[in-house]
Participant: 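Got a structure here, written out as structure tokens. Questions coming.
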Amino acid sequence: MRSAWNDREAAELVERYAAEGVGEDLALRVYTTRLLGSEPRLVLHGGGNTSVKSRARDVTGTELDVLYVKGSGWDMGTIEPPGLPAVQLDPLLALAGIDALSDEDMVNLQRRNLLDSKAPNPSVETLLHAWVPRTFIDHTHANAALALTDQPHGEEICREVYSDRAAIVPYIMPGFDLAKAAKAAADAHPRAEGLVLLKHGLFTFGDTAQEAYELMIEFVSLAEARIERGRRTVFAAAAAPGAVASASEIAPAIRGMLAIRREGDGAEVERFILEHRVSPAILAYVGGDELSRYSQVGTVTPDHAIRTKPLPVVLPAPPAGDLTAWTGRARAAVDAYGEAYTTYFERHNPRYGGMKRMLDPSPRVVLVPGVGLFASGRDARAAAAAADLAETTVDVITDAESMDRFESIAESELFDIEYWSLEQAKLAGAREKTLARHVVVVTGGAGAIGRATAAAFRTVGAEVAFFDLPGPALDDAAAAEAGLAVPCDVTDDASVARAFDIVAARFGGVDILVSNAGAAWRAPMADVTDDVLRESFELNFFAHQRVTRVAVRMMRAQGTGGCLLFNVSKQAVNPGPDFGPYGLPKAATLGLVRQYAIEHGWEGIRSNGVNADRIRSGVLTEEMISARSEARGVSEDAYMRGNLLGREVRADDVARAFISLALARATTGAILTVDGGNVAAALR
């Protein structure tokens with residue numbers, strides 16, 4: 001590993017922050033923290049922290065000794081000075097004289113001594129940073145260091161690699177006791193340049209930010225060199241089917257298997273978002289004939305258990321073709337995992353007086369030979385974080401197994417981390433949005449109604465994929481509304497299949513389809529050509545059927561119900577002159593809404609539509625709106641407001657209608673009118 005320190009970049013950051021009143025110590029601490037956090041082999045998703053001891057003034061102007069230490073919730077790769085809150089140092093040093101302190105009391109005392117009461121909670125390892133008497137301290141969960149420590153002779157190997165340059169600390173859960181042990185090790189080895197925390201990570205110290213950072217790089221490089229020196233071939237391949245199914249083929253079934261189905265009438269399904277990862281290293285790992293051994297030992301560093309659970313589930317390799325038998329075997333494996341997880345909880349909860357609240361028993365990492373790994377989370381961000389950690393696990397276990405045999409901490413210690421009181425408190429206060437954990441596909445996503453609909457679903461917590469023809473409009477829409485841009489021609493079967501494959505691989509499946517794509521052809525029926533009529537039917541009817549058919553297959557594979565939403569248009573029930581080429585296929589789509597409601601309600605798949613009219617920049621073009629307003633002898637604005645409410649209906653109004661139908665869990669086969677009031681278009 002190479003140092004990324006750059007004198008010019010460091011000086012520029014010091015100068016920039018000086019203009020904001022930030023001192024050089026803190027500015028350089030921010031700089032090297034970012035260097036560490038930008039290297040995934042060192043730090044992932046909160047798995048590290050940094051500090052600097054310095055001076056700061058309180059509101060009275062009194063100068064105090066403080067510890068700037070990474071705050072909870074800040075990403076080390078993008079951290080700013082507020083992410084390193086200042087804690088008065090003397091009260092922290094005084095704690096070294098007591099014998100015990102609970103996590104809750106430790107957090108409370110640290111918060112009481114913040115210079116800014118609004119600052120984030122200081123790191124749980126704040127006391128360790130305070131008690132080691134060096135100015136700059138860096139802590140990472142470097143992959144290479146974990147590969148050395150996560151094996152039976154890890155301590156012996158680390159002493160060989162680091163000699164007296166690093167003191168060795170046995171595994172202890174983060175908090176007061178670990179800080180005590182680290183202080184004792186540092187005091188016993190005053191010339192040590194760092195600490196090796198067995199099965200946890202590395203600390204390095206320095207009198208300057210550059211010294212501490214470059215020591216970390218050097219220590220990690222020494223570990224990497226030791227791994228290469230002892231490397232052997234690992235993961236002999238297990239027997240596998242000649243051809244395997246793709247990730248997109250099996251993802252919806254896996255997503256359905258992981259879902260939590262609550263008991264009782266009207267109980268909701270707790271879904272998960274999936275992320276698929278594959279690489280040569282992952283395929284070698286999941287294809288190894290001892291996968292059931294090395295994958296079931298535990299996490300490579302304890303804090304991973306909070307995001308990934310202690311163990312993954314291993315599914316059989318899925319053969320290409322008929323997946324019926326595979327689905328049954330895979331579901332049995334997931335069910336067995338849930339039962340084993342419940343037993344694990346019941347085995348360890350008595351140590352806490354039975355007071356812990358069991359987390360859901362669904363695995364967060366799924367290993368599939370021949371396909372790769374899937375990670376799950378409450379949203380795409382959480383799934384991606386779990387996937388990152390799962391990939392790190394593959395790398396660390398591969399390196400550990402190449403030297404000897406991977407070894408984790410004890411099961412009881414994994415439970416202590418997973419059910420840490422500080423983490424349980426976070427869960428108790430967590431609140432999810434109404435459509436969190438749902439995946440939404442919006443066709444015609446680059447248009448006004450599509451964009452407004454996607455934005456509305458994102459607001460209520462859903463993950464959104466935009467389908468539209470490729471081009472800048474699609475990319476701009478996805479970027480602006482934080483969705484996944486998926487190029488798709490909804491009039492082409494192969495394009496639709498590819499688009500849904502992308503969604504399945506990215507999110508695991510689909511829960512809500514907003515079939516919105518459409519365009520208006522205008523001509524008297526006596527004059528319209530067959531080609532124009534067929535073209536309109538292709539987009540305004542067959543495209544709805546085409547995307548819905550694929551979405552329903554995916555929903556059925558998930559087995560968790562679903563919601564189909566169609567942009568029907570008032571032309572389906574109140575045809576206007578010269579709009580037959582548009583209204584006729586829309587009338588057929590109205591029938592399609594009800595047909596899907598009839599045929600799939602028993603599976604929990606609802607089908608509803610929105611009957612919208614006069615939406616500026618919607619299906620009707622500005623030219624058509626102008627033509628119709630001129631024909632009636634009114635201005636465009638007056639035409640747009642020509643309804644009972646006397647107000648213009650906007651794309652946002654249509655979007656809110658789709659949201660309301662998505663949330664109407666006891667409604668199917670319904671059409672919701674959004675036109676400001678038009679009696680002639682009312683359904684009857």
Participant: For the pair Arg34 (side chain) and Ile79 (backbone), establish whether a donor and an acceptor sit closer than 3.5 Å, ignoring hydrogens and angles.
Facilitator: yes
Participant: Classify the ring geometry of Phe415 against Tyr419: parallel below 30°, tilted from 30° to 60°, perpendicular beyond 60°.
Facilitator: parallel
Participant: Can you tell whether the side chains of Asp511 and Arg437 come within less than 4.0 Å, N to carboxylate O?
Facilitator: no
Participant: Counting neighbours of CZ on Arg405 that are heavy atoms of other residues, nucleotides or ligands and sit closer than 6.0 Å, is the number greater than 12?
Facilitator: no
Participant: Within the supplied structure, the quantity of interest is the number of heavy atoms (other residues, nucleotides, ligands) at a distance under 6.0 Å from Arg2 CZ; does it exceed 12?
Facilitator: no
Participant: If you look only at distance, which donor and acceptor atoms sit under 3.5 Å apart when one is on a side chain in residues 178-192 and the other is two or more places apart or in another chain?
Facilitator:
unit_1	atom_1	unit_2	atom_2	d
Lys180	NZ	Ala96	O	2.8
Lys180	NZ	Ile98	O	2.8
Lys183	NZ	Asp187	OD2	2.8
His189	ND1	Ala185	O	3.0

Participant: Please identify each residue that fulfils side chain to side chain donor-acceptor pair (under 3.5 Å) with Arg111, with sequence neighbours left out.
Facilitator: Asn121
Participant: Picking from Val368, Val394, Val366, what satisfies side-chain contact (heavy atoms from CB on, under 4.5 Å) with Leu373?
Facilitator: Val394
Participant: Should we count CZ of Arg378 as having more than 12 external heavy atoms under 6.0 Å?
Facilitator: no
Participant: Tell me whether the count of non-hydrogen atoms from other residues, nucleotides or ligands lying under 6.0 Å of CZ in Arg293 goes above 12.
Facilitator: yes
Participant: Table please: side-chain donor-acceptor pairs of residues 138-147 below 3.5 Å, with sequence neighbours left out.
Facilitator:
unit_1	atom_1	unit_2	atom_2	d
Asp138	OD1	Arg29	NH1	2.8
Asp138	OD1	Arg29	NH2	2.6
Asp138	OD2	Tyr213	N	3.2
His139	ND1	Leu202	O	2.9
His139	NE2	Glu125	OE1	3.4
His139	NE2	His141	NE2	3.3
His139	NE2	His200	NE2	3.3
Thr140	OG1	Ala142	N	3.4
His141	ND1	Gly47	O	3.4
His141	ND1	Asp303	OD1	3.3
His141	NE2	His200	NE2	3.4

Participant: Could you please spell out the steps behind the side-chain hydrogen bond (donor to acceptor under 3.5 Å, both in side chains) verdict for His304 and Thr299?
Facilitator: CA-CA 6 Å; His304 284 197; Thr299 60; 5.9 Å; no
